[in-house]
Amino acid sequence: MVNKDTQVRTCVAKARRIVVKVGSSSLASVEAGLNHSRLHFLVDALAAVHKSGREVVLVSSGAIAAGLEPLGLTSRSTDLAKNQAAAAVGQGLLLSEYTQAFAKHGVLVAQVLLTVGDLARKSSYTNALSTFGALTRLRVLPIVNENDTVATREITFGDNDRLAALVAELVHADALVLLSDVDGLYTTHPDKPDARRIDFVAAPDELAVDVTQLGTSGVGRGGMASKIEAARLATNAGIPVVLARWDQAETALGGADVGTAFAATSKRLPRRLGWLADASQAKGRLHVDSGAVKALTTTPASLLAAGIKRIEGNFRAGDPVEIVAGDDAVIGRGLVGFDSAVLPEMLGRTSTDLAASLGAEYAREVVHRDDLVLASRR
């Protein structure tokens, strides 16, 4: 009987569409800037996969790190403007190197600059999906990087790991490979004598690992905590994940027993609900009573005005909102059917009452079940 670890690695080896993320510390250093030999090593592995007929999307960090040395900076700065300047310089260098390296294999590449915030907006999320679809149909390999020249929060916290997971969900990838300067997830810092590599993770939420002991690099900011979070997002979206070292790219993509494999923990959601659950930013909150909590979490019910006690925020019909229980626990997220300006006079009232006093158009769901994702699903 094939075990789940082997199933994950086989899935990666056979993935028709795969997202690969590589971190800053794998491609560059403060002292020497962009590491050309490492980048070409990675390109060789990805080009082989691409030329076999499979689809590859590369999410690459490294723009800031590549720009530090040309600017004479000796470390990644705490000053946002300096980091953005380094990104502006480094992004051109990084893409130029990728373009030349892939061209040697006859592979055309395209730059896609995104922030997590871009994917939070439904319109730009849909536009990004269209762009990826056109590129892959034309057999162009997309190279995604966080748009560090305009990013704010993300530039500080190294959100490319999360971005990679969201891109994998966006394009309905069959697998996600996270490449780092560490050959997998360890029980503690890899330099410690009692450190043990974890070969397989059945559920990231059940990991008993102190990520504060796992460290970060000098040029990257994501660290192991953000990689575990990215793995959680992807596996909850039905996408298996392998975390490996940069020089294990070829073997990891081939399904070898390297790094740490994370099994998919849920079935894939429809793309619209995947966006709602993982990428969207809630515009407000609907606080509901215990009856609504029970109905939503135990039956395929929609949220009606009768179960809502109060609202927070300013939102319009169609915006994502959080649904909150009496103890302030978020039980789900949904697309609201009414503007926040309209809802207050509807709260706590039955559909019959609303139809009689306000009109038939008010006697409908505030959040339809088809537009709702429970927190337990995520």
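Quantities reported herein were computed from a predicted structural model and do not represent experimental measurements. Count residues from 1 along the sequence.
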Worked verdict on Asp194 versus Lys192 for salt bridge (charged side-chain N to carboxylate O under 4.0 Å, His left out): CA-CA 6 Å; Asp194 60 338; Lys192 292 186 177 182; over 6 Å; no
How many angstroms lie between CG in Leu58 and CD in Gln111, if you round to the nearest 0.5 Å?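 Those atoms lie 11.5 Å apart.
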Rounded at 0.5 Å granularity, tell me how far OG in Ser24 sits from CG in Asn160.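 With rounding to 0.5 Å, OG (Ser24) is 7.0 Å from CG (Asn160).
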Indicate the ring-plane relationship of Phe338 and Tyr362, choosing parallel, tilted or perpendicular according to the 30° and 60° boundaries.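 Answer is parallel, since the angle falls under 30°.
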Check the pair Arg197, Asp199 against salt bridge (charged side-chain N to carboxylate O under 4.0 Å, His left out), reporting the backbone distance first and the verdict last. CA-CA 6 Å; Arg197 181 169 64 88; Asp199 297 326; 2.9 Å; yes
Just by distance, with hydrogens left out, do [X] and [Y] show a side-chain donor and acceptor under 3.5 Å apart?
{"X": "Asp181", "Y": "Ser26", "result": "no"}
{"X": "Ser124", "Y": "Asp118", "result": "no"}
{"X": "His40", "Y": "Glu97", "result": "yes"}
{"X": "Asn127", "Y": "Ser130", "result": "no"}

Nearest atoms (heavy-atom pairs only) where [X] meets [Y]:
{"X": "Ala264", "Y": "Gly238", "value": "CB-C, 3.6 Å"}
{"X": "Leu269", "Y": "Ala277", "value": "CD1-CB, 4.4 Å"}
{"X": "Ala173", "Y": "Ile239", "value": "O-CG1, 3.6 Å"}
{"X": "Leu119", "Y": "Tyr125", "value": "O-CD1, 3.3 Å"}
{"X": "Pro142", "Y": "Val140", "value": "CD-O, 3.2 Å"}
{"X": "Ala165", "Y": "Leu176", "value": "CA-CD2, 4.1 Å"}

Applying a strict under-4.5 Å side-chain criterion to I, L, V, M, F, W and Y, I'd like to know whether [X] and [Y] cluster together.
{"X": "Val336", "Y": "Val293", "answer": "yes"}
{"X": "Val56", "Y": "Leu166", "answer": "no"}
{"X": "Met224", "Y": "Val258", "answer": "no"}
{"X": "Val19", "Y": "Val177", "answer": "no"}
{"X": "Val241", "Y": "Leu163", "answer": "yes"}

Report, as yes or no, whether the 6.0 Å neighbourhood of atom [atom1] on [X] holds more than 12 heavy atoms from other residues, nucleotides or ligands.
{"X": "Arg369", "atom1": "CZ", "value": "yes"}
{"X": "Asp257", "atom1": "CG", "value": "yes"}
{"X": "Lys14", "atom1": "NZ", "value": "no"}
{"X": "Glu322", "atom1": "CD", "value": "yes"}
{"X": "Lys122", "atom1": "NZ", "value": "yes"}

Can any side-chain N or O of [X] pair as donor or acceptor with the backbone N or O of [Y] at less than 3.5 Å?
{"X": "Arg139", "Y": "Thr136", "answer": "no"}
{"X": "Thr187", "Y": "Arg196", "answer": "yes"}
{"X": "His105", "Y": "Val107", "answer": "no"}
{"X": "Arg245", "Y": "Gly259", "answer": "no"}
{"X": "Arg268", "Y": "Gly274", "answer": "no"}
{"X": "Thr260", "Y": "Ile198", "answer": "yes"}

Apply side-chain contact (heavy atoms from CB on, under 4.5 Å) to Arg333 and Ser280, showing your working. CA-CA 9 Å; Arg333 181 172 289 194; Ser280 68; 3.2 Å; yes
Taking it one step at a time, do Leu46 and Val20 satisfy side-chain contact (heavy atoms from CB on, under 4.5 Å)? CA-CA 9 Å; Leu46 298 183; Val20 179; 3.9 Å; yes
I'd like to check [X] versus [Y] (side-chain heavy atoms, cut-off strictly below 4.5 Å). Are they in contact?
{"X": "Leu303", "Y": "Leu372", "answer": "no"}
{"X": "Asp5", "Y": "Arg9", "answer": "yes"}
{"X": "Ile311", "Y": "Ser340", "answer": "yes"}
{"X": "Leu108", "Y": "Phe102", "answer": "no"}
{"X": "Glu169", "Y": "Asp278", "answer": "yes"}
{"X": "Leu286", "Y": "Val324", "answer": "no"}
{"X": "Glu146", "Y": "Leu113", "answer": "no"}
{"X": "Gln91", "Y": "Asn145", "answer": "yes"}

Residues two or more places apart in sequence or in another chain: which of them pass side chain to side chain contact (heavy atoms under 4.5 Å, CB included) with Arg349?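 Side chain to side chain contact (heavy atoms under 4.5 Å, CB included) check on Arg349 returns Asp353, Leu354, Ser357, Leu358.
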Just jot down the side chain to side chain contact (heavy atoms under 4.5 Å, CB included) partners of Ala66, sequence neighbours excluded, or say none.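 Result, side chain to side chain contact (heavy atoms under 4.5 Å, CB included) vs Ala66: Leu34.
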Between Phe315 and Asp339, is a side-chain contact (heavy atoms from CB on, under 4.5 Å) present by the stated rule, with each step listed? CA-CA 6 Å; Phe315 47 82; Asp339 295 353; 5.9 Å; no
Go through Asp161 and Lys227 one step at a time and tell me if the salt bridge (charged side-chain N to carboxylate O under 4.0 Å, His left out) criterion holds. CA-CA 6 Å; Asp161 292 313; Lys227 289 169 179 55; 3.3 Å; yes
Give me the one residue out of Leu276, Asp319, Leu273 that meets side-chain contact (heavy atoms from CB on, under 4.5 Å) with Leu335.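 When side-chain contact (heavy atoms from CB on, under 4.5 Å) is applied between Leu335 and each of Leu276, Asp319, Leu273, only Leu276 qualifies.
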Test side-chain contact (heavy atoms from CB on, under 4.5 Å) on Val373 and Trp275; report intermediate values, then the result. CA-CA 10 Å; Val373 178; Trp275 168 80; over 6 Å; no
